Amino acid sequence: MDKEFFLANYRHSMAHVLAKAVIELWGSDVQYAIGPQVDDGFYYDFKLDHMITKDDYKAIENKMREILKRKEAWTRKEVSRAEALDLFKGQKYKIEIIEDLPEDATLSIYYTGDDFVDLCRGPHIDNSQELLGVAFQIKFVSGSYWRGDEHNDQLQRVYVYAFPDKQQLKDHLDMIREAMERDHKKLGAEMELFMFHETAPGMPYWLPKGWKLFNALLDYWRNEHVPHNYQEISGPVLSEKQLWITSGHWAHYQNGMFIAPIDENTTYAIKPMNCPNAINVYRSTKRSYKELPLRYSQVDVIHRREKSGELNGLFRVQEFHQDDAHIFVTEDQIEDEIADIMDIAKTIYATFGLTYTAELSTRPDDFMGDIALWDQAEASLKSILTKKFGADGFEINEGDGAFYGPKIDLGMRDCLGRQWQMGTIQLDFQLPLNFNLKYVAPDGTEKQPVLIHRAIFGSFERFIGILIENFKGQFPFWLAPVQVGIVPIRPEHNAYAKKLADLMMKNHIRFEVDYSDQNMKNKIKKYKLGRIPYVLVVGEKEAEQNTVAVNIRGVKDNLFGVPVEAFMQGVAEMNEAHSLELKTAF
RNA sequence: GCUGCUAUGGCGCAGUCGGUAGCGCGCAUCCUUGGUAAGGAUGAGGUCACCGGUUCAAAUCCGGUUAGCAGCUCCA
């Protein structure tokens with residue numbers, strides 16, 4: 001039996017044991033819904049009057065162990081749809097599942113002992129004793145919605161960790177603990193990168209160090225776009241309501257917008273997206289086919305209202321900066337342009353050593369526009385993705401596209417394995433129509449361009465959150481908010497430290513010097529805790545020889561007597577190359 | 001928005017049975033003048049998130065609000 005099959009099989013089987021335990025504990029009026037396996041175990045959704053809390057965990061775990069010790073046989077039976085409906089009488093979620101199946105369907109059910117039956121495709125174990133060695137522990141209980149729809153019943157979801165043995169469970173719990181240590185919310189406060197204030201929920205305050213990082217990232221991003229012929233623009237944050245009516249946001253996105261009434265006749269709204277800005281710039285003059293593709297990039301701040309429970313550090317905010325661009329193309333330029341964007345994304349992500357997944361979202365039911373154009377666009381996107389990732393290298397979400405066009409999304413995972421949407425490439429046939437965009441074709445007729453919305457980071461905020469967790473706060477040299485810390489051993493060495501500081505300033509190295517009369521050990525400790533890549537310790541020897549002693553982040557042994565010019569040249573090279581690793585020799 | 005949980009000096013936390021608050025780090029002052037991650041002494045700093053209720057008395061009990069955390073839903 002291969003390992004993956006074994007994992008899935010016992011986790012899935014354990015979910016049945018959990019359901020049986022909950023029913024035995026809280027009675028037969030428990031409604032049990034579904035219980036699939038997940039990456040680190042399984043869960044099961046229930047509806048019951050009793051609110052399951054932490055105090056119940058032990059009782060549930062004990063009941064599960066008790067059930068396993070009964071060594072009951074698991075028997076599979078095949079039943080007709082009608083028999084199944086009768087068997088699960090009173091279980092509304094099971095009934096709903098069964099009723100969705102075709103009339104003539106044959107269903108498989110599994111008995112655990114004589115008294116518990118669950119609807120299930122299987123496969124399962126043959127006897128509970130096969131599960132006696134499984135190490136499991138309740139993770140937590142949370143709310144969930146029946147069939148993932150917030151309009152349906154709210155259920156109680158019991159998550160359980162489950163591993164083949166105790167050691168693997170312990171390793172996993174250790175891993176989770178370690179992951180919490182690099183949570184960007186924790187590190188962001190510790191490293192003084194950003195903060196929040198109660199008066200502006202989900203709107204980050206960037207602290208001096210965080211803003212340095214932000215700007216280092218922005219500089220890099222701007223430079224990467226120069227060879228791809230992007231032009232950066234900036235537009236108003238507030239616009240009169242009429243603009244949003246034209247764009248369709250007023251009708252489709254109003255509850256995601258912050259709205260500012262001025263007087264009875266005037267209402268402004270804060271932009272949730274940059275598109276209308278780029279469109280107005282496009283429309284400001286008559287456009288020729290010779291100008292296309294026309295690429296406007298934009299990093300203005302945008303605001304989107306989120307429901308209260310949805311905010312999450314920098315990952316989910318109400319005020320953020322997208323690394324946005326709007327590209328106006330002819331229909332036959334779409335494929336090349338998308339390919340160019342994918343190349344930019346690949347280069348940029350590689351600089352950070354990040355791995356990502358690609359997803360294609362296709363035409364939804366409520367699509368707008370010409371179906372032939374949709375088909376052609378989807379085919380283009382699919383062909384590019386196949387070229388870049390292979391036929392199986394990306395996922396397709398059928399019908400998940402926006403009503404105005406299909407899209408490619410690029411996703412990454414945070415420290416707890418949660419998937420976040422980062423980069424996005426969206427084709428838009430609708431806005432050019434709403435704003436009546438035109439260009440003059442070679443034959444002198446007016447044609448409509450296609451609009452491509454795209455972001456590589458997704459948003460600077462979310463991307464920085466991912467970077468913090470990915471690097472555990474130990475940023476590559478070029479990105480580090482403070483790149484070099486200078487520690488004079490005694491106050492009489494401050495003059496030499498000042499000389500070094502001036503040199504750093506001249507060479508645009510981000511640095512700090514500690515001129516205080518503290519113990520040098522304390523100064524070094526402060527910089528080490530700040531995860532500064534290089535701490536330069538200087539005393540008499542260094543001042544005499546014009547050298548520095550270099551304490552390298554993550555390296556035990558220090559470098560002594562490094563000539564100042566050699567160090568400066570080394571760090572300049574790292575900045576230039578956007579190196580991931582720190583140099584350990586100069 | 002939904003389910004559960006949380007809120008005590010700048011940060012991390014303690015505070016039992018209701019009797020108006022403590023610890024560590026940090027900060028300030030002084031001493032120590034140091035060669036690579038915590039030298040010593042003294043001191044300052046808190047309407048216990050906010051509003052209301054119960055009580056002779058509330059950080060503590062109850063209700064509400066706000067903000068945050070995990071999950072769901074939604075999203076860059």
Side-chain angles (χ1 to χ4, degrees), chain A residues 43 45 47 51-54 139-159 180 183 185-186 189-190 192 195-202 253 255-256 272-274 302 304-324 402 407 409-412 416 418-424 426 453-463 465-466 485 487-493 517-530 535-542 549-553 555-560:
Chain A
Y43 67 79
D45 285 347
K47 182 145 178 87
M51 193 58 72
I52 300 174
T53 66
K54 274 197 179 84
K139 189 177 178 183
F140 51 71
V141 179
S142 80
S144 68
Y145 297 103
W146 168 235
R147 296 200 153 161
D149 187 333
E150 61 179 324
H151 305 292
N152 289 341
D153 289 353
Q154 178 132 32
L155 310 173
Q156 299 190 59
R157 176 170 296 177
V158 182
Y159 279 96
M180 305 290 263
D183 187 303
K185 297 181 282 291
K186 183 180 154 80
E190 204 175 300
E192 299 175 313
M195 56 170 249
F196 290 92
H197 192 266
E198 208 181 337
T199 52
Y253 202 77
N255 51 13
M273 296 170 197
N274 292 309
I302 57 179
R304 295 182 189 174
R305 294 180 60 182
E306 299 290 353
K307 297 185 212 160
S308 63
E310 289 169 346
L311 301 179
N312 186 322
L314 291 180
F315 287 151
R316 192 67 179 276
V317 288
Q318 297 200 109
E319 183 212 53
F320 58 108
H321 303 74
Q322 282 185 320
D323 63 317
D324 213 355
K407 60 174 182 170
D409 288 323
L410 305 173
M412 292 180 189
L416 289 177
R418 292 175 294 205
Q419 178 88 18
W420 294 94
Q421 186 182 320
M422 308 302 291
T424 185
Q426 307 187 358
H453 311 252
R454 52 117 275 184
I456 309 291
F457 295 151
S459 76
F460 279 79
E461 282 77 4
R462 183 174 285 180
F463 194 73
I466 289 283
V487 175
I489 291 173
R490 285 192 302 279
E492 56 258 41
H493 307 127
D517 62 352
Q518 283 228 43
N519 191 313
M520 63 170 278
K521 287 195 182 193
N522 286 318
K523 300 188 198 177
I524 292 166
K525 181 192 143 204
K526 187 181 75 185
Y527 288 150
K528 299 298 276 182
L529 286 175
V535 180
L536 305 183
V537 178
V538 295
E540 268 143 53
K541 267 186 235 161
E542 287 76 16
V550 188
N551 182 316
I552 307 164
R553 187 184 64 204
V555 175
K556 206 171 155 234
D557 296 325
N558 304 306
L559 299 178
F560 293 97

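All heavy atoms count here, side chains included; hydrogens, waters and symmetry mates do not. Proteins come first, then strands; the chains are lettered A, B, ... in the order of their sequence lines, and each starts at number 1. Everything numeric in this text was worked out from a predicted model, so none of it was measured.
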Touch class at under 4.0 angstrom, heavy-atom based, for [X] against every strand present:
{"X": "A/Gly313", "answer": "sugar-phosphate"}
{"X": "A/Gln156", "answer": "nothing"}
{"X": "A/Gly411", "answer": "nothing"}
{"X": "A/Ala549", "answer": "base"}
{"X": "A/Glu192", "answer": "nothing"}

For nucleotides 70-76 of chain B, just jot down a letter per nucleotide in 5' to 3' order: B, S or -, based on protein non-hydrogen atoms under 4.0 Å. SBBBBBB
Using whole Å, what does the distance between atom [atom2] of nucleotide [N] and atom [atom1] of [X] come to?
{"X": "A/Met51", "N": "B/rC5", "atom1": "CE", "atom2": "C1'", "value": "13 Å"}
{"X": "A/Arg490", "N": "B/rU32", "atom1": "CZ", "atom2": "C1'", "value": "13 Å"}
{"X": "A/Ile524", "N": "B/rG39", "atom1": "CD1", "atom2": "P", "value": "12 Å"}
{"X": "A/His197", "N": "B/rG68", "atom1": "NE2", "atom2": "P", "value": "12 Å"}
{"X": "A/Gln518", "N": "B/rU29", "atom1": "CD", "atom2": "C1'", "value": "13 Å"}
{"X": "A/Met195", "N": "B/rC11", "atom1": "CE", "atom2": "P", "value": "10 Å"}
{"X": "A/Lys186", "N": "B/rC13", "atom1": "NZ", "atom2": "C1'", "value": "12 Å"}
{"X": "A/Phe560", "N": "B/rG35", "atom1": "CZ", "atom2": "P", "value": "12 Å"}

Below 3.5 Å, does any donor atom in the side chain of A/Lys521 face an acceptor in the base of B/rA37, or the other way round? no
Please name the nucleotide paired to [N] by Watson-Crick or G-U wobble geometry with both distances under 3.5 Å, or report none.
{"N": "B/rC13", "result": "B/rG22"}
{"N": "B/rA49", "result": "B/rU65"}
{"N": "B/rC72", "result": "B/rG1"}
{"N": "B/rA58", "result": "none"}
{"N": "B/rU29", "result": "B/rA41"}

Can A/Asn274 and A/His453 be said to form a side-chain contact (heavy atoms from CB on, under 4.5 Å), step by step? CA-CA 9 Å; A/Asn274 292 309; A/His453 311 252; over 6 Å; no
Counting heavy atoms from C-beta on, name the nucleotide in B/rG39, B/rU32, B/rU36 closest to the side chain of A/Asp517. B/rU32
Considering only B/rG35, B/rA67, B/rG26, which nucleotide approaches the side chain of A/Glu198 most closely? B/rA67
Determine the Euclidean distance between corresponding [atom1] atoms of [M] and [N]; express it in Å to zero decimal places.
{"N": "B/rC50", "M": "B/rA58", "atom1": "P", "answer": "15 Å"}
{"N": "B/rC51", "M": "B/rA41", "atom1": "C1'", "answer": "45 Å"}
{"N": "B/rC27", "M": "B/rA21", "atom1": "P", "answer": "27 Å"}
{"N": "B/rU47", "M": "B/rG10", "atom1": "P", "answer": "9 Å"}
{"N": "B/rG19", "M": "B/rC69", "atom1": "C1'", "answer": "33 Å"}
{"N": "B/rA7", "M": "B/rC13", "atom1": "C1'", "answer": "13 Å"}
{"N": "B/rG46", "M": "B/rU8", "atom1": "P", "answer": "16 Å"}
{"N": "B/rG18", "M": "B/rC56", "atom1": "C1'", "answer": "12 Å"}

Working for side-chain contact (heavy atoms from CB on, under 4.5 Å), residues A/Asn312 and A/Arg418: CA-CA 12 Å; A/Asn312 186 322; A/Arg418 292 175 294 205; 3.8 Å; yes
When the nearest nucleotide of RNA chain B is assigned to A/Leu155 and to A/Phe196 on a heavy-atom basis, which residue is associated with the more 5' position? A/Leu155
Can you work out whether A/Ser308 or A/Val538 has the more 5'-proximal nearest nucleotide on RNA chain B? A/Ser308
Backbone N or O of A/Pro201 within a donor-acceptor pair of the A/Gln318 side chain at under 3.5 Å? yes
In Å and rounded to the nearest 0.5 Å, what is the CG to CZ distance from A/Leu410 to A/Phe457? 12.5 Å
Any side-chain heavy-atom pair of [X] and [Y] under 4.5 Å:
{"X": "A/Tyr253", "Y": "A/Arg304", "value": "yes"}
{"X": "A/Val487", "Y": "A/Val538", "value": "no"}
{"X": "A/Arg490", "Y": "A/Glu540", "value": "yes"}

Using 4.0 Å as the upper bound for N to carboxylate O, is an ion pair formed by A/Arg147 and A/Asp149? no
Should we say atom CE of A/Met195 is surrounded by more than 12 heavy atoms from elsewhere, each under 6.0 Å from it? yes
Under the criterion side-chain contact (heavy atoms from CB on, under 4.5 Å), I'd like the reasoning laid out for A/Val550 against A/Leu536: C-alpha separation, chi angles, the key distance, then a yes or no. CA-CA 5 Å; A/Val550 188; A/Leu536 305 183; 3.9 Å; yes
When you measure from the side-chain N and O atoms of A/Asn522 to the phosphate of B/rA37, is any distance below 4.0 Å, counting only OP1 and OP2? no
